[in-house]
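To keep things clear, I will list the structure first and then write my remarks on it.
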Amino acid sequence: QVQLVQSGGGLVQPGGSLRLSCAVSGGTSNSYAMGWFRQAPGKGREFVSALRRPTGQTYYADSVKGRFTVSRDSARNTVYLQMNSLKPEDTAVYFCARLPNPIASTIRNVDRYVYWGQGTQVTVSS
């Protein structure tokens, strides 16, 4: 059973940075995608970013491209989302998730992800 445990998040001023972490345990497959999603109050869960294994290809929503970076530390079995130049509209609960055996057309689809982290609040406000 795959388990995802998130850390990071918090309150930051506009223009600031935060890094989210997602520690993964129990996964043995080398073919998967690690995604980041977010959900603002009153809205649905939306795709933010993903990293596909084993290719290493990364994906980003247009709204975060150039500001957010997804990466992986294989030694720590942890995936990160570095968020820079944060804006008030980035305020949301952020979730990491894992999709086994992905194909390109499913990477951005929230409904395809099987395993989920517990979520962490990110608030961007002055």
Side-chain angles (χ1 to χ4, degrees):
Q1 182 74 2
V2 176
Q3 291 187 322
L4 309 180
V5 178
Q6 296 180 229
S7 59
L11 173 64
V12 65
Q13 293 186 341
S17 298
L18 283 174
R19 188 177 78 164
L20 306 183
S21 301
C22 178
V24 183
S25 63
T28 58
S29 173
N30 191 42
S31 176
Y32 58 88
M34 290 299 302
W36 288 96
F37 295 82
R38 66 187 182 187
Q39 188 165 15
K43 296 187 177 181
R45 199 167 294 188
E46 67 171 358
F47 172 79
V48 175
S49 181
L51 186 151
R52 185 177 181 182
R53 292 285 295 163
T55 64
Q57 188 171 358
T58 57
Y59 305 77
Y60 296 95
D62 288 342
S63 58
V64 306
K65 200 173 295 183
R67 301 188 297 121
F68 291 13
T69 303
V70 61
S71 62
R72 171 180 173 265
D73 184 335
S74 59
R76 290 182 168 83
N77 287 329
T78 299
V79 177
Y80 301 99
L81 183 68
Q82 178 67 43
M83 305 183 293
N84 299 328
S85 301
L86 282 161
K87 305 175 181 180
E89 51 263 42
D90 295 318
T91 296
V93 177
Y94 283 70
F95 298 87
C96 65
R98 182 164 166 136
L99 167 59
N101 301 314
I103 57 176
S105 62
T106 63
I107 294 287
R108 298 169 186 266
N109 189 334
V110 62
D111 294 329
R112 296 301 187 110
Y113 283 75
V114 176
Y115 306 102
W116 288 84
Q118 79 275 20
T120 186
Q121 178 70 45
V122 171
T123 302
V124 185
S125 174
S126 54

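Just so it is clear, the values below take in all heavy atoms, side chains as well, and ignore hydrogens, waters and symmetry mates. This is a predicted model, so every value here is computed, not measured.
Partners of Phe47 under the ring-ring contact (aromatic ring centres under 6.0 Å, His included) rule, at least two apart in sequence or in another chain, are Phe37. In terms of the side chain to side chain donor-acceptor pair (under 3.5 Å) criterion, Thr58 has no residue partners (sequence neighbours excluded). Considering only residues two or more places apart in sequence or on other chains, Arg67 meets the salt bridge (charged side-chain N to carboxylate O under 4.0 Å, His left out) condition with Asp90. Applying the side chain to side chain donor-acceptor pair (under 3.5 Å) rule to Tyr32 yields the partners Arg72; only residues at least two apart in sequence or on another chain are considered. In this structure, Gln3 has no side chain to side chain donor-acceptor pair (under 3.5 Å) partners at least two apart in sequence or on a different chain. Contacts of Asp62 classified as side chain to side chain donor-acceptor pair (under 3.5 Å), with partners at least two apart in sequence or in another chain: Lys65. Residues meeting the side-chain contact (heavy atoms from CB on, under 4.5 Å) test with Ser125, sequence neighbours left out: Leu11, Thr123.
The hydrophobic clustering, which links ILVMFWY residues whose side-chain heavy atoms are closer than 4.5 Å, places Met83 and Val93 apart. Under the 4.5 Å side-chain contact rule for hydrophobic residues, Trp116 and Val114 do not share a cluster. Residues Val110 and Tyr115 are members of separate hydrophobic clusters, defined by side-chain heavy-atom contacts under 4.5 angstrom among Ile, Leu, Val, Met, Phe, Trp and Tyr. No single ILVMFWY cluster, assembled from side-chain heavy atoms under 4.5 Å apart, contains both Trp36 and Tyr113.
Identified under the disulfide (SG to SG under 2.5 Å) test for residues 27-80, with sequence neighbours left out: none. Applying the ring pair (Phe, Tyr, Trp, His ring centres under 6.0 Å) test to every pair with at least one member in residues 62-97, sequence neighbours left out, gives no pairs at all. Here disulfide (SG to SG under 2.5 Å) pairs that include residues 27-69, with residues two or more places apart or in two chains, number zero.
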Throw together a table of side-chain donor-acceptor distances under 3.5 angstrom for residues 100-108, partners on residues two or more places apart or in other chains.
from	atom 1	to	atom 2	distance (Å)
Thr106	OG1	Ile103	N	3.3
Thr106	OG1	Ile103	O	2.8
Arg108	NH1	Tyr60	O	3.1

Only pairs under 3.5 Å count here: list side-chain donor-acceptor contacts from residues 18-31, not counting sequence neighbours, and write none if there are none.
from	atom 1	to	atom 2	distance (Å)
Ser29	OG	Ser31	N	3.0
Ser29	OG	Ser31	O	3.3

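Going from atom CD of Gln39 over to atom CD of Glu46 covers 9.5 Å, rounded to the nearest 0.5 Å. Taken from CE in Met34 to CG in Leu81, the straight-line distance is 11.0 Å, to the nearest 0.5 Å. Here Leu99 contributes atom CG and Asn109 contributes atom CG; the two are 8.5 Å apart, rounded to the nearest 0.5 Å. Interatomic distance, Leu51 CG to Ser49 OG, rounded to the nearest 0.5 Å: 7.5 Å.
Two residues are said to be in side-chain contact when any heavy atoms from C-beta on lie closer than 4.5 Å; Ser74 and Arg53 fail this criterion. Side-chain contact between Gln121 and Thr91 is present, with at least one heavy-atom pair separated by less than 4.5 Å.
Taking every heavy atom of both residues into account, Gln6 and Gly119 meet most closely at OE1-N, 2.9 Å. Between Ala92 and Ala40, the shortest heavy-atom distance links the atoms CB-N, 3.8 Å.
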